[in-house]
> 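So that we are looking at the same thing, I have put the structure below in structure tokens.
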Amino acid sequence: MADDLGIGDIGCYGNNTIRTPNIDRLAEEGLMLTHHLAAAPLCTPSRAAFMTGRYPIRSGMDNGYRVRVLTFTGCSGGLPKNETTFAAILQKQGYHTGIIGKWHLGVNCETRTDHCHHPLSHGFDYYYGMPFTNVEDCKPGTNQSAIFVDIQVRVYLAAEVIFAGLLTLFVLRRTGLISVGWKWIVWPTVCWCLLFGSWYSLFGFLRHWNCLVMRNHQVVQQPSNPETLPARMTEEALGFIERNQKKPFLLFVSLLHVHSPFFTAKPFVGKSNHGSYGDNVEEMDWHVGQIVNAIDNLGLANKTLIYFASDHGGSRDTVGMNGEIDGGWNGIYRGKKGLAGWEGGIRVPGILRWPGQLSSGRKIDEPTSLMDIYPTVVNLAGASLPQDRIIDGRDLMSLLKGDVEKSEHEFLFHYCGNALNAVRWHPKDSDSVWKAHMFTPRSDSENCYQTNIWGCHDDSVSHHDPPMLFDLLKDPSEVVPLSPETEPLFHKIQDQIRMGVERHRKTLTPVPLQLSWSNALWKPWLQPCCGTFPFCGCSEDSSQNPAPER
């Protein structure tokens, strides 16, 4: 799974200027899903849906207001313990399960070592990677941050103003120009120290707190070395495949590419036609090739289903420190990462290869979802789906093999946080795909690049009654909204979508919000640490002799 990769960034999906030969080869030897969808336009909720086969609103892993992704490694939010991942089911079926790379679904709940949200608590036997994500704070020497930038600025400015006031008060008191008791200087100074100290202890050390590497439950590098981490992750993936080649295994390689900032290896720097972003995409393709080649060279190709996707659309207008656009290209699709309704934020590449089982060179244009991987791999492993909860994904194998021509998804629901943003209707007796937007962002590019998180309520959106309707079969770019004058079935389509929404909402039950402020804020007692907190630090920089799995 790539991170922030746009559907238009790879060759087999239409890009003829960025070179992705290994991913293109996967598509040639397998098949492409051209109507493949993420359940959310942001990392945390999309990955929660992928792991559980359920809309993130069902697990509390999305939030309609400020915090829509996990922002600290040391927070208490994360994938709830009562959620069952596909890894947990395959683990019980005798599969050896591993995850290499980005997690971004939480670590701890109540203590630094409870690991309630950790991959090893959700069905994985082995973990190596970043429990958080790659952000600007992880870049050594940078003065940029990606975490609550506006709050950081406000607190810092407030601290400066208070300090200037206290200093002025002290000087005036010492020179006798005013007569005030020392308590009016000492106690405000203590408050200032607490304010500034709290700000600096968190935001001054974000690279230590958020940018770390874990092997299983152990922190092995803090802060992380982003220059070498991608190569070490690939080494770990190759080692896992080598060690488990003679038994059933599930490996989830969760790449750091192509989330900014970029730490591209020298052989790839300056080689693409699209600056640092293109270089990073081409390096990602090389890493994918190393893993696929390992499968092939060990004679495992015919026994192995390989799936490649992105967690959501590209962050189209992210601007790097060098002034370049560091975001991806979402092809013909409108929108970007963070915009839940428009296609560009949720339409993603989907490639599957399984020689001898799936025909090569095919393209499937039926609506499918990242959530579909859950029931697909569970059924392939001979297991049963959980019966105590709703699984929103659908088994893809009949569609992939060509036994059926239609997707099992009649409706797909697209949330912006906990607000229903858009609905996709694919009638069972038609090839049409209709999409209704309950609301849309007031602007597609309203200074979102600093947070990539567009609001879902209030002044951020424009509501539509009736919902704004598009025919995706004829207008996949969502340019021309339909009306009763241009679409004879307009009211019938709206009625069908309304009834579908009513049925869907009856299946929802209240759950604790994992991204509430109380869960999202940093808690020092939950911070993973290599050493004695707060003096955290270690520097393992080799994966030549990885620790054994749990």
Side-chain angles (χ1 to χ4, degrees), residues 6-8 14 34-42 55 64 312-317 329-348 365-369 407 409-448 453-505:
I7 192 172
T34 58
H35 199 137
H36 202 40
L37 302 159
L42 292 166
Y55 291 113
H312 48 68
S315 54
R316 188 183 64 200
D317 53 6
W329 183 44
N330 296 317
I332 64 172
Y333 303 108
R334 184 176 181 178
K336 60 180 181 178
K337 171 184 177 179
L339 302 186
W342 299 125
E343 289 291 282
I346 53 178
R347 185 80 73 114
V348 296
D365 197 33
E366 287 289 297
T368 56
S369 169
S407 166
H409 289 290
E410 182 179 2
F411 290 96
L412 282 164
F413 303 93
H414 308 296
Y415 280 86
C416 180
N418 55 12
L420 184 59
N421 192 167
V423 180
R424 186 179 315 254
W425 179 42
H426 183 36
K428 295 180 180 179
D429 58 352
S430 170
D431 291 332
S432 297
V433 181
W434 310 98
K435 186 176 174 189
H437 291 256
M438 281 57 182
F439 56 84
T440 52
R442 291 189 179 275
S443 170
D444 285 6
S445 57
E446 48 172 314
N447 296 324
C448 284
I453 301 179
W454 156 70
C456 305
H457 299 275
D458 304 327
D459 294 337
S460 298
V461 301
S462 297
H463 291 271
H464 305 291
D465 186 16
M468 184 183 292
L469 186 66
F470 294 94
D471 180 352
L472 293 184
L473 198 63
K474 298 177 181 178
D475 182 19
S477 301
E478 299 174 286
V479 175
V480 183
L482 300 176
S483 67
E485 291 72 32
T486 59
E487 175 51 60
L489 299 176
F490 181 86
H491 293 295
K492 179 181 178 182
I493 295 167
Q494 294 280 14
D495 287 343
Q496 289 295 320
I497 290 175
R498 177 182 52 79
M499 289 188 289
V501 170
E502 290 175 356
R503 291 193 296 269
H504 167 69
R505 283 181 168 153

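Everything numeric here is computed off the predicted structure, so don't read it as measured data. As a basis for the values below, the full set of heavy atoms in this structure was taken, side chains included, without hydrogen atoms, waters or symmetry mates.
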> Using modelled atom types only, decide if a donor and an acceptor are shared between the side chain of N330 and the backbone of R347 within a distance under 3.5 Å.
no
> Looking at every heavy atom in both H312 and P41, which two are closest together, and how far apart are they?
CG-O, 3.5 Å
> Could you state the interatomic distance from CG (L37) to CD1 (I346), rounded to the nearest 0.5 Å?
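CD1 of I346 is found 5.5 Å from CG of L37.
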> List the residues meeting side chain to side chain donor-acceptor pair (under 3.5 Å) with D431, not counting sequence neighbours, and say none if there are none.
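None.
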> Give the intermediate values and the outcome of side chain to side chain contact (heavy atoms under 4.5 Å, CB included) for residues K435 and M468.
CA-CA 8 Å; K435 186 176 174 189; M468 184 183 292; over 6 Å; no
> Quick one: pull up NZ in K474 and CG in L482 and give me the separation to the nearest 0.5 Å.
8.5 Å
> Working to the nearest 0.5 Å, report the span between CZ of R505 and CZ of F413.
9.0 Å
> Mind checking side-chain contact (heavy atoms from CB on, under 4.5 Å) for E366 and listing every partner two or more places apart, or none if nothing turns up?
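With neighbours one apart ignored, the set is I364, L399, K406, S407, H426.
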> Could you please spell out the steps behind the side chain to side chain contact (heavy atoms under 4.5 Å, CB included) verdict for W434 and D471?
CA-CA 5 Å; W434 310 98; D471 180 352; 3.6 Å; yes
> Carefully, step by step, assess Y415 and L420 under the rule side chain to side chain contact (heavy atoms under 4.5 Å, CB included).
CA-CA 5 Å; Y415 280 86; L420 184 59; 3.9 Å; yes
> State which residues pass ring-ring contact (aromatic ring centres under 6.0 Å, His included) with H414; sequence neighbours excluded, sorted by chain then number.
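If we apply the ring-ring contact (aromatic ring centres under 6.0 Å, His included) test to H414, skipping adjacent residues, there are no hits.
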> For V479 and R334, run side chain to side chain contact (heavy atoms under 4.5 Å, CB included): C-alpha distance rounded to whole Å, both residues' side-chain angles, the deciding distance at 0.1 Å, then the answer.
CA-CA 8 Å; V479 175; R334 184 176 181 178; 5.8 Å; no
> Return the OG to CZ distance between S462 and F439, rounded to the nearest 0.5 Å.
10.5 Å
> Which atoms form the tightest heavy-atom contact between K428 and E410, and what is the distance?
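Heavy atoms only, the tightest pair is CE-OE1, 3.3 Å.
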> I'd like to know if the side chain of S315 and the backbone of K337 have a donor-acceptor N/O pair within less than 3.5 Å.
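It does not hold such a pair.
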> Which donor-acceptor pairs under 3.5 Å do side chains of residues 491-498 form with protein atoms, sequence neighbours excluded?
unit_1: Q494; atom_1: NE2; unit_2: P467; atom_2: O; d: 2.8
unit_1: R498; atom_1: NH1; unit_2: E502; atom_2: OE2; d: 3.2

> With rounding to the nearest 0.5 Å, note down the distance linking CG in L339 to CG in N421.
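Here the rounded value is 9.0 Å.
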> On a heavy-atom basis, which atom in P367 and which in R424 lie closest, and how many Å separate them?
CB-CD, 4.5 Å
> T368: which residues meet the side chain to side chain donor-acceptor pair (under 3.5 Å) condition with it, sequence neighbours left out?
H36
> How close do L473 and P476 get, heavy atom to heavy atom, and via which atoms?
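Looking at all heavy atoms of both residues, the shortest contact is O-CD, 4.5 Å.
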> Within this structure, what is the CH2-OG distance for the pair W425 and S432, rounded to the nearest 0.5 Å?
8.5 Å
> Ring-plane angle category for W342 and F470, please: parallel below 30°, perpendicular beyond 60°, tilted otherwise.
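W342 and F470: perpendicular rings.
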> Taking all atoms of both residues into account, what is the closest heavy-atom pair of E478 and L472, and its distance?
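Shortest heavy-atom separation between E478 and L472 comes out as CG-CD2, 3.8 Å.
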> Could you tell me which residues satisfy side chain to side chain donor-acceptor pair (under 3.5 Å) with S483, sequence neighbours excluded, listed by chain and number?
E485, T486
> What's the shortest heavy-atom distance between V423 and V501, and which atoms?
CG2-CG2, 3.6 Å
